[in-house]
Amino acid sequence: MNRINNISAPKLFLALFTSNVLVGCHEVEINRMSEGGRVVVHPTDIKLAGGEFDSDGDGIPDNLELEMGLEPTKKDSDDDGISDGLEDSDGDGITNIVEVKLGLYPYMPRSDRIHHDTKVDSDSDGIPDYIEWNVGLNHQKAETISRQQDYMVDTDGDGIPNYLEFLVNLDHSMLMTFSEYADQQVDRDRNGVPDYMEVDSDSDGVNDYLELEIGTNPFTPQTLVGSADLSVDNDGNGIPDYAEVDTDRDGTPDYLVLWLASNANHH
């Protein structure tokens, strides 16, 4: 695969053969010829993987840019310093280029006219497609890595799954998104509880990281049919599993620390 960032576009030339290249960060197909030892490309010869033309290389097919009222030969149609592909034209929280990659309409927050695009989950693993795309997971498979559920994948090995890092605006590929703190210590609201510990994706009363600790699915209130995750008690001691997790081993169960922090924020 060749990589070219600056494309010379003569007015007319004879295309001799077809090749795949990377233009910036986009894989495209071009018709090309050699002119004085360099590759020359006509803008209308740039194609996306699906065979559609992308004259400005912003990741959005020309025909779609026209539908959206954008300029197909100008990477930054509104001159705001942000490529059209990185804009969020429909304000649904997903960039245009990601919507194109996922087969969604970047000018409609509900591409199927029913579900919000941020709720689309093609593989039914609980993680929305756009999040999977952003953290390097396959949105069409519940197990991108064989025998490991996608919600368990932790690329940087910091103990926080990729999807959870995305939800709290951390970098899933780095142990330290910010130079002064490890990701596990980031506490933006300064309530004494790290950000990643405060997420409860399925709103079942058991925060995601606790569910991961006790082996329940953070995207469903009932991992086992007929038994709410909130009441799972594998050792049969009368205390729900989530209530026995004490990450820092200070004698105070995590759920109580979370409860105290939550109540402190409301006073």
| task | Only pairs at least two apart or in different chains count here, so list each ring-ring contact (aromatic ring centres under 6.0 Å, His included) that has a residue in residues 68-103. | result | none
| request: Would you list the pairs meeting ring-ring contact (aromatic ring centres under 6.0 Å, His included) in which at least one residue belongs to residues 65-106, sequence neighbours left out? | output: Tyr105-Tyr107
| query | For Gln149, what residues pass the side chain to side chain donor-acceptor pair (under 3.5 Å) criterion, not counting sequence neighbours? | reply |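 Per chain and number, Gln149 pairs via side chain to side chain donor-acceptor pair (under 3.5 Å) with Glu143.
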| request: Mind checking side chain to side chain donor-acceptor pair (under 3.5 Å) for Arg188 and listing every partner two or more places apart, or none if nothing turns up? | output: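 Side chain to side chain donor-acceptor pair (under 3.5 Å) list for Arg188, sorted by chain: Asp195.
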| Going by distance alone, is a donor N or O of one side chain under 3.5 Å from an acceptor N or O of the other, for Asp58 and Ser83? |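 The criterion, which ignores hydrogens and geometry beyond distance, is not satisfied for Ser83 and Asp58.
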| Counterpart residues, salt bridge (Lys or Arg N to Asp or Glu O under 4.0 Å), relative to Asp202 (two or more places apart) |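 Asp202 satisfies salt bridge (Lys or Arg N to Asp or Glu O under 4.0 Å) with no other residue.
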| task | Sort out for me which residue in Glu132, His139, Gln140 forms a side chain to side chain contact (heavy atoms under 4.5 Å, CB included) with Leu102. | result |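 Among the candidates, only His139 passes.
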| message | Looking at Glu67, is its backbone amide N or carbonyl O close enough to the side chain of Asn63 to form a donor-acceptor pair, meaning the two atoms are under 3.5 Å apart? | response |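 The answer is no, because no donor-acceptor pair under 3.5 Å joins these two groups.
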| task | Could you walk me through whether Thr155 and Asn162 pass the side chain to side chain donor-acceptor pair (under 3.5 Å) test, one step at a time? | result | CA-CA 7 Å; Thr155 300; Asn162 290 5; 2.7 Å; yes
| query | So does Lys141 have more than 12 non-hydrogen atoms from other groups sitting under 6.0 Å from NZ? | reply |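 No, not enclosed.
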| So does Lys74 pair up with Asp79, basic N to acidic O under 4.0 Å? |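 So Lys74 pairs with Asp79 through a salt bridge.
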Distance-only criterion, 3.5 Å: show the donor-acceptor pairs between side-chain atoms of residues 166-180 and protein atoms not counting sequence neighbours.
unit_1: Asp171; atom_1: OD1; unit_2: Ser173; atom_2: N; d: 2.8
unit_1: Asp171; atom_1: OD1; unit_2: Ser173; atom_2: OG; d: 2.6
unit_1: Thr177; atom_1: OG1; unit_2: Asp171; atom_2: N; d: 2.8
unit_1: Thr177; atom_1: OG1; unit_2: Asp183; atom_2: OD1; d: 2.9
unit_1: Thr177; atom_1: OG1; unit_2: Asp183; atom_2: OD2; d: 3.2

